[in-house]
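Notes to accompany the following structure.
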Protein chains: 2
Amino acid sequence: MSDPDISSPPTARDVAKRAGVSVITVSRVMRSAPNVSPAMRDKVRAAALELGYRPNRVAGALRARETGLVAVIVPSMSHSVFPEVIDGIDHGLSGTSLRTVLGITHYDQAREAAILHDLIAWNPAAVIISGLEHHPDVHAMLAGASCPVVEVMDVDGDPIDLCVGTSQQEAGELMAAHLVETGRRRIGYVGAWGERPDRSRKRREAFAAALTRRGLDLAVHIEDAPSSLKTGRAGCAAILAEHPDLDAIHFANDDLALGALFHCRENGIRVPEDIGLAGFNGIELVGMITPRLTTIANPRFEMGICAARMLSRRLNSEYSEGDQDAQVSLPAGDTWHLPLHLSKGDTT
Amino acid sequence: MSDPDISSPPTARDVAKRAGVSVITVSRVMRSAPNVSPAMRDKVRAAALELGYRPNRVAGALRARETGLVAVIVPSMSHSVFPEVIDGIDHGLSGTSLRTVLGITHYDQAREAAILHDLIAWNPAAVIISGLEHHPDVHAMLAGASCPVVEVMDVDGDPIDLCVGTSQQEAGELMAAHLVETGRRRIGYVGAWGERPDRSRKRREAFAAALTRRGLDLAVHIEDAPSSLKTGRAGCAAILAEHPDLDAIHFANDDLALGALFHCRENGIRVPEDIGLAGFNGIELVGMITPRLTTIANPRFEMGICAARMLSRRLNSEYSEGDQDAQVSLPAGDTWHLPLHLSKGDTT
DNA sequence: CTTTTGATTGGTATCGTTATCAATTTGGAT
DNA sequence: ATCCAAATTGATAACGATACCAATCAAAAG
């Protein structure tokens with residue numbers, strides 16, 4: 001009849017007409033739904049191919065009330081940590097029909113709320129969000145969400161629903177024990193950017209408490225700038241200016257600690273003889289440089305994988321294609337606590 | 001009438017009933033469409049708030065035929081380069097109503113095609129994809145897409161639509177000129193992972209050609225493993241084993257070059273006296289370590305920004321909220337060629 | 001040969017919103 | 001007061017797919 005090429009993209013209706021079948025049959029074929037005869041399938045597939053038909057998922061999502069979208073909300077892409085978590089999520093989601101929609105908050109709570117508001121309007125199959133502390137509005141939206149919510153990164157707090165991460169409490173304790181055991185007594189801590197995200201503050205508090213239990217004080221210095229090598233260098237210089245007698249400094253992350261290492265090297269401060277340095281995260285670089293940096297390995301990629309796995313299980317029936325291994329199903333509201341371990345380098 | 005709390009989330013219909021107006025008016029208020037009286041707006045807003053109404057964007061997208069989703073397809077999240085581009089895109093898109101949907105191909109062309117197929121089914125407002133070389137299916141889908149397509153990263157080739165990036169040709173030439181000018185004559189090149197993505201191959205070929213024009217040969221070694229410090233160390237060892245007399249090595253990226261730097265340090269090879277090392281990308285670390293690594297600064301974040309800006313202009317009328325600066329509008333099919341510059345360090 | 005069962009196929013309504021156009025109201029110009 | 005244009009509101013019909021249920025058909029059971 002009318003020109004099929006110039007008009008808008010073909011719909012199931014067009015394919016149905018072409019193949020001489022009903023629209024619903026086209027729908028069934030495209031979704032690989034059961035109870036379609038092979039002959040019919042081939043006929044419809046051929047017609048679809050000829051017309052270049054592509055099902056419109058927006059329409060499908062509306063009717064079926066399921067988008068298969070996973071809203072992933074992270075504070076930043078500047079550090080390698082969140083990309084690695086996202087990579088893990090992507091790995092864990094492969095084999096399902098779920099897709100990632102990304103939101104970056106830039107550590108801004110108002111923005112976090114706006115983004116979540118926006119993403120929830122898409123009726124996502126799940127939300128994965130970083131951290132356990134949120135803006136009240138965000139908390140309310142998550143609690144009221146009609147889909148599973150996974151809070152990733154830390155487990156010290158009250159999860160709304162699902163949770164995967166490592167214990168900041170444990171991290172602080174681990175590092176305190178290590179530094180004290182290796183003879184350090186005058187210990188400092190350097191953080192950055194007003195201790196965003198919150199979990200770095202939790203870790204510092206746990207670290208300080210662990211030292212207190214051992215009868216030691218903690219000198220704290222927080223830089224304003226975001227974490228970077230440069231900030232670490234500045235932070236190291238600053239805390240040493242105020243507390244010249246420190247014999248060890250723990251940094252909020254490896255980037256800061258590496259910056260500090262460069263500061264020490266440039267200023268003739270011997271590491272670990274004059275001062276011990278330690279970071280957090282366990283990025284690849286720390287094991288390559290000389291001296292190797294002491295740090296705590298934080299399984300970022302695995303967290304992403306686990307978050308995706310928890311979702312796959314929860315949403316099981318709907319999205320699994322290649323079925324997952326039939327493990328013990330997790331009770332609702334459960335959390336997955338991943339292990340941390342100290343990676344002893346040459347700097348302590 | 002019937003319990004509104006237990007049933008499914010409220011719709012525009014519910015709000016309309018509550019406020020005593022028509023559904024279309026609710027729609028207009030929620031979209032901040034023009035021609036709504038202040039009194040009406042307040043009344044509807046109040047009703048929406050009471051019911052906790054949230055417009056369903058899936059339905060809206062279906063009827064309005066616009067999702068406001070931007071499909072972003074990158075090969076990897078493991079290197080910092082793509083997260084930085086994504087960060088740039090996110091920055092450039094802020095202030096518009098566009099949202100990022102992410103696809104990670106893991107350098108797998110089949111996967112790239114599958115992901116694109118999937119994302120296009122969402123009727124995105126735009127596609128941003130990495131690189132200019134694609135699987136034939138991918139090329140066809142992009143060419144046939146009914147939305148703008150931005151190819152980011154490199155500009156050496158035939159863009160399908162919009163394009164933002166730097167010239168790999170120029171990069172190769174720039175580094176060849178630098179090394180020859182600083183007296184290097186026996187030059188090697190180390191790449192990784194079968195030279196994925198393609199632009200690293202282009203860069204190597206341009207580098208080799210530029211050396212040829214200057215009457216010099218190039219020793220090439222490609223590692224199988226993905227780029228990392230470890231791979232760089234191994235690659236450096238391997239190429240030196242085969243060509244012990246090299247006086248300079250150019251690496252496909254900074255990670256490899258840094259790994260090589262560690263190899264040299266561990267093996268008593270003096271840099272830059274015995275050998276010159278140079279990378280590509282300009283990551284923060286190269287300027288912090290001693291010796292500072294010579295590299296070419298590749299504006300990754302800016303590429304993301306520019307990609308988003310090009311889209312904002314093209315899609316202007318539909319999505320701009322705070323209006324962009326009225327600049328010269330770019331003709332269709334135009335490409336944005338960003339400048340590269342050599343960052344001279346201490347390793348050459 | 002009839003009845004029953006299960007596998008295929010199709011008709012119709014609907015998901016929740018917005019485009020389109022018609023109806024109504026308001027305010028100013030004549 | 002009368003009329004016309006602009007502003008405001010509403011009724012209706014999509015958008016393109018899938019859920020639900022009815023109808024048909026072939027094969028198995030009696």
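Note that the coordinates shown come from a computational prediction; the quantities given were computed from them, not determined experimentally. Residue numbers start from 1 in every chain, and the chains themselves are labelled A, B, ... in the order their sequence lines are given, proteins ahead of strands.
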Taken in chain and number order and not counting sequence neighbours, the residues that satisfy ring pair (Phe, Tyr, Trp, His ring centres under 6.0 Å) with A/H106 are B/H91
Which residue pairs satisfy the ring pair (Phe, Tyr, Trp, His ring centres under 6.0 Å) criterion with at least one member in residues 110-141 of chain B, sequence neighbours excluded?
none
For nucleotides 4-8 of chain C, print each protein N/O atom paired with a nucleotide N/O atom at under 3.5 Å, atom names and distance only.
from, atom 1, to, atom 2, distance (Å)
C/dT8, OP2, A/N35, OD1, 3.4

Residues forming a ring pair (Phe, Tyr, Trp, His ring centres under 6.0 Å) with A/Y53, sequence neighbours excluded
none
Between B/R65 (CZ) and C/dT20 (C1'), how many Å, whole number?
14 Å
Residue list, side chain to side chain donor-acceptor pair (under 3.5 Å) with A/E133, at least two apart or on another chain
A/K202
Mind checking side chain to side chain donor-acceptor pair (under 3.5 Å) for A/R99 and listing every partner two or more places apart, or none if nothing turns up?
B/D118
For the helix from C/dC1-D/dG30 to C/dT30-D/dA1, what angle lies between the axis at the first five pairs and the axis at the last five pairs, to 10 degrees?
40°
Nucleotides 17-19 of chain C: which of its N/O atoms have a protein N/O under 3.5 Å away?
from, atom 1, to, atom 2, distance (Å)
C/dT17, OP1, B/Y53, OH, 2.6
C/dT17, OP1, B/N56, N, 3.0
C/dT17, OP2, B/A12, N, 2.6
C/dT18, OP2, B/S27, OG, 2.1
C/dT18, O5', B/S27, OG, 3.4
C/dT18, O2, B/R63, NE, 3.0
C/dA19, OP2, B/R31, NH1, 3.1
C/dA19, O4', B/R63, NH2, 3.4

Under 3.5 Å, which donor-acceptor pairs do the side chains of residues 38-51 of chain A form with other protein atoms, sequence neighbours left out?
from, atom 1, to, atom 2, distance (Å)
A/E50, OE1, A/R18, NE, 3.2
A/E50, OE1, A/R18, NH2, 2.1

I want to check one thing: is the phosphate of C/dG11, taken as OP1 and OP2, less than 4.0 Å away from some side-chain N or O of A/S22?
no
According to side chain to side chain contact (heavy atoms under 4.5 Å, CB included), who are the partners of A/A308, at least two apart in sequence or on a separate chain?
A/L93
The criterion is side chain to side chain contact (heavy atoms under 4.5 Å, CB included); which residues satisfy it with A/P124, sequence neighbours excluded?
A/A71, A/V127, A/C147
Run the side chain to side chain donor-acceptor pair (under 3.5 Å) test against B/S27 and tell me which residues pass, sequence neighbours left out.
B/R31
Using atom NZ of A/K17 as one end and atom P of D/dG16 as the other, report the distance to the nearest whole Å.
13 Å
From CG of B/L62 across to P of C/dC15 the rounded distance in Å is 13 Å
For B/I73 and B/I128, run side chain to side chain contact (heavy atoms under 4.5 Å, CB included): C-alpha distance rounded to whole Å, both residues' side-chain angles, the deciding distance at 0.1 Å, then the answer.
CA-CA 6 Å; B/I73 300 177; B/I128 299 179; over 6 Å; no
